[in-house]
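Below: the structure, in structure tokens.
We count ligands from 1, going down the list as the structure has it; atoms in each ligand are counted the same way.
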Amino acid sequence: MIKLAPSILAADFWALGEQIRTIEEAGVPYLHIDVMDGSYVPSISFGSPLITSIRKNSKLVFDVHLMVEEPIRMIKEFKEAGADIITVQAEACTHLHRTISYIKELGLKAGVSLNPSTSLSVLDYIMDDLDMVLIMSVNPGYGGQAFIPSTLQKIRDLKEKALKAGVSFDIEVDGGITRDNVDEVLKAGANVIVSGTAVFRGDIVDNVNKYKQAFDRIKKEIEDIHGK
Ligand code: DX5
Ligand code: ZN
């Protein structure tokens, strides 16, 4: 199933609660929450207190993307705050397998994110344990950047790799996605679409509906390429 995961990094923080309610009422399944520590990536976004606060008022699946050094130190904190899925940057973990195992041990879904220059081979011996792989289509750190075109081949390669290994996980893509390139991203094999600017800039409901229409339009074509 194709899922939209709006990234609150692009929301208006003054109206954050209202905007989250708007996307929830528009029928979006996931909320993508970008945590940045100012060290792994240059900027700082927000931390677990924000998640605790929105968790009280939202039933969305909280898809927490940790762009932090050694995220293993903070996984329990983010679980307690209300995360459902925790995705870590492979490059930020000294012990990636241990980090994933810990996320799963705590009863959460585990994702691994790869920067544009990181090879898929880092997944070779951990694929069985993953619920999601996040392919970064920009260098992490900021919203509103342009989609890096070589990502499309990387998504195709990942899809093929999973098929060959007989494993299945969600393929999420993050950065620079708009309604103009989302078809290509889905056709390449992604099924979870992160979108910040293209959801929160302008009319949110209209933006979400247009994504949903694009998903419906492309569904049949995708089934022909990748099966149901
Ligand atoms: C980038 C973040 C993204 C970002 C996406 O470091 O991980 O989730 O918010 O924003 P857009 O859709 O504006 O590129
Ligand atoms: Zn993200």
Side-chain angles (χ1 to χ4, degrees), residues 2-13 16 19-20 23 28-48 50-51 54 60-69 71 74 78 83-93 103 109-118 130-152 154-155 170-186 190-204 206-208 210-212 214-215:
I2 305 171
K3 298 178 193 101
L4 183 63
S7 163
I8 57 167
L9 194 62
D12 174 359
F13 291 169
L16 186 60
Q19 295 197 339
I20 293 173
I23 58 164
V28 160
Y30 281 14
L31 192 67
H32 188 79
I33 303 175
D34 286 309
V35 177
M36 302 179 179
D37 67 353
S39 172
Y40 178 69
V41 289
S43 58
I44 296 176
S45 57
F46 37 71
S48 65
L50 180 122
I51 300 176
I54 58 179
L60 290 167
V61 172
F62 281 10
D63 170 29
V64 176
H65 179 192
L66 295 181
M67 284 163 276
V68 304
E69 298 282 4
M74 301 171 199
F78 282 97
D84 297 297
I85 307 168
I86 292 188
T87 298
V88 295
Q89 290 292 140
E91 308 84 359
C93 300
I103 298 172
K109 292 209 161 140
V112 167
S113 174
L114 305 183
N115 281 337
S117 66
T118 301
L130 298 178
D131 298 294
M132 186 157 83
V133 174
L134 168 53
I135 299 291
M136 287 305 299
S137 40
V138 297
N139 288 291
Y142 306 99
Q145 304 182 76
F147 183 86
I148 298 172
S150 61
T151 307
L152 291 174
K154 195 172 183 184
I155 302 166
D170 285 323
I171 299 181
E172 182 173 54
V173 180
D174 185 4
I177 300 184
T178 65
R179 290 191 305 273
D180 293 331
N181 59 20
V182 72
D183 287 19
E184 290 309 309
V185 173
L186 292 168
N191 71 311
V192 183
I193 299 295
V194 177
S195 182
T197 313
V199 166
F200 288 99
R201 184 175 295 164
D203 185 321
I204 296 174
D206 192 46
N207 291 337
V208 167
K210 289 202 171 117
Y211 264 120
K212 283 207 221 157
F215 293 175

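- A donor-acceptor pair under 3.5 Å is formed between the side chain of Ser137 and the backbone N or O of Asp174.
- For a threshold of 3.5 Å applied to N or O pairs, the pair formed by Gly176 and ligand 1 contains at least one separation below that value.
- Formation of a donor-acceptor pair under 3.5 Å by the Asp170 side chain with backbone atoms of Met132 is not found in this model.
- Checking only distances, Ile177 never comes within under 3.5 Å of ligand 1, N or O to N or O.
- For Thr151 against Met136, the heavy-atom pair with the smallest separation is OG1-O, 4.1 Å.
- Remark: ligand 1 atoms within the under-4.0 Å shell around heavy atoms of Met36 are 6 (O).
- Residue contacts with ligand 1 do not include Ala10, since none of its heavy atoms lies under 4.0 Å from the ligand.
- In this structure, the side chain of Asn191 engages the main chain of Ile171 through a donor-acceptor pair within 3.5 Å.
- Of all heavy-atom pairs spanning Leu4 and Val28, the tightest one is O-CG1, 3.5 Å.
- For atom 6 (O) of ligand 1, the nearest non-hydrogen atom of the protein is Gly141 N, 2.8 Å.
- Considering backbone and side-chain N/O atoms, Ser7 comes within less than 3.5 Å of an N/O atom of ligand 1.
- Distances below 4.0 Å separate heavy atoms of Gly175 from the following atoms of ligand 1: 14 (O).
- Using modelled atom types, no side-chain atom of Asp34 and backbone atom of Ser7 make a donor-acceptor pair closer than 3.5 Å.
- Vertex the Zn ion (ligand 2); arms to His32 atom NE2 and Asp34 atom OD1; angle 90° (nearest 10°).
- Minimum interatomic distance between Ala90 and Val112 (heavy atoms only, all atoms of both residues): CB-CG1, 3.8 Å.
- Taking a 6.0 Å sphere around NZ of Lys109, one finds it holds 12 or fewer heavy atoms contributed by other residues, nucleotides or ligands.
- Residue contacts with ligand 1 do not include Ala198, since none of its heavy atoms lies under 4.0 Å from the ligand.
- Using a 4.0 Å cut-off to heavy atoms of Pro140, the atoms of ligand 1 that qualify are 6 (O).
- The shortest contact between atom 1 (C) of ligand 1 and any protein heavy atom is with Tyr142 O, 3.5 Å.
- Taking distance alone, with nitrogen or oxygen atoms compared against 3.5 Å, Asn139 stays at or beyond that limit from ligand 1.
- The minimum heavy-atom distance linking Gly175 with Phe147 is given by the pair O-CD1, 3.5 Å.
- Regarding atom 5 (C) of ligand 1, its nearest protein heavy-atom neighbour is Asp174 OD1, 3.5 Å.
- Residue-level proximity to ligand 1 for Val194 is carried by the side chain, the only part with a heavy atom below 4.0 angstrom.
- The Gly144 neighbourhood of ligand 1 comprises atoms 11 (P), 13 (O), 14 (O), with distances under 4.0 Å to a heavy atom of that residue.
- Close N/O approach between Gly196 and ligand 1 is found [any backbone or side-chain N/O within under 3.5 Å].
- Checking side-chain atoms of Asn115 against main-chain N and O of Asn139 turns up no donor-acceptor pair under 3.5 Å.
- Counting atoms of ligand 1 from 1 in the listed order, those under 4.0 Å from a heavy atom of Leu9 are 9 (O).
- Rounding to the nearest 10°, we obtain 100° for the angle at the Zn ion (ligand 2) between Asp174 OD2 and His65 ND1.
- Residue contact check: His65 has heavy atoms under 4.0 Å from atoms 7 (O) of ligand 1.
- Two residues are said to be in side-chain contact when any heavy atoms from C-beta on lie closer than 4.5 Å; His32 and Glu172 meet this criterion.
- The ligand atoms of ligand 1 that sit less than 4.0 angstrom from a heavy atom of Met67 are 6 (O), 7 (O).
- Heavy-atom minimum distance, Pro71 versus Leu66: CB-CD1, 3.9 Å.
- Set against the non-hydrogen atoms of Thr197, the atoms of ligand 1 under 4.0 Å away are 11 (P), 12 (O), 13 (O).
- Taking each heavy atom of Tyr211 and Ile177 in turn, the nearest pair found is OH-O, 3.2 Å.
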